Amino acid sequence: MAVNYICRHCKTSMGSLESTTVTEQQLGFHFLTPEERNDIIAYDLNGNVTVKVVCDYCNEALHTNPDLMLVSNPLQ
């Protein structure tokens with residue numbers, strides 16, 4: 001199982017974890033509500049997980065320009 005972290009806005013890969021022994025509890029997924037899980041985490045047919053987070057660049061851009069949150073794809 002691979003856990004891949006990507007930026008939800010610019011789609012930059014932020015890291016990957018290759019492990020068959022890591023649990024969702026160790027990753028902190030159990031703290032998420034069902035709605036947050038659906039928004040943040042995606043599973044593929046091979047058992048790999050994609051976690052959508054926000055990279056530092058996009059976080060800074062959104063913090064500096066909060067009006068970007070009003071458009072569907074603010075940072076492509």
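The structure presented is a predicted model; accordingly, all values stated were derived computationally and were not measured.
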If Ile, Leu, Val, Met, Phe, Trp and Tyr residues are connected whenever their side-chain heavy atoms lie under 4.5 Å apart, and connections chain through other members, are [X] and [Y] in the same group?
X   : Y   : value
F29 : I40 : yes
V49 : L27 : yes
L17 : L32 : yes

Rounded to the nearest 0.5 Å, how far apart are [atom1] of [X] and [atom2] of [Y]?
X   : Y   : atom1 : atom2 : result
L62 : C58 : CG    : SG    : 6.5 Å
S16 : Y5  : OG    : OH    : 9.5 Å
K52 : M14 : NZ    : CE    : 14.0 Å

Taking the side chain as every heavy atom from C-beta outward, state whether [X] and [Y] have any pair of such atoms under 4.5 Å apart.
X   : Y   : answer
V51 : I6  : no
T50 : I41 : no
T33 : R37 : no
R8  : V53 : no

Heavy-atom closest pair, residues [X] and [Y]:
X   : Y   : result
C10 : C55 : SG-SG, 3.8 Å
A2  : E18 : CB-OE2, 3.3 Å
T23 : Q26 : N-OE1, 2.8 Å

In terms of heavy-atom contacts, does [atom1] of [X] have more than 12 from other residues, nucleotides or ligands at under 6.0 Å?
X   : atom1 : value
H30 : NE2   : yes
D56 : CG    : no
Y43 : OH    : yes

Inset, instruction - Using modelled atom types only, decide if a donor and an acceptor are shared between the side chain of N46 and the backbone of N48 within a distance under 3.5 Å. - result: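 Such a contact is absent between N46 side chain and N48 backbone.
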
Legend entry - Pairing residues for T21 by the side chain to side chain contact (heavy atoms under 4.5 Å, CB included) criterion, not counting sequence neighbours: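 By the side chain to side chain contact (heavy atoms under 4.5 Å, CB included) rule, T21 matches S19.
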
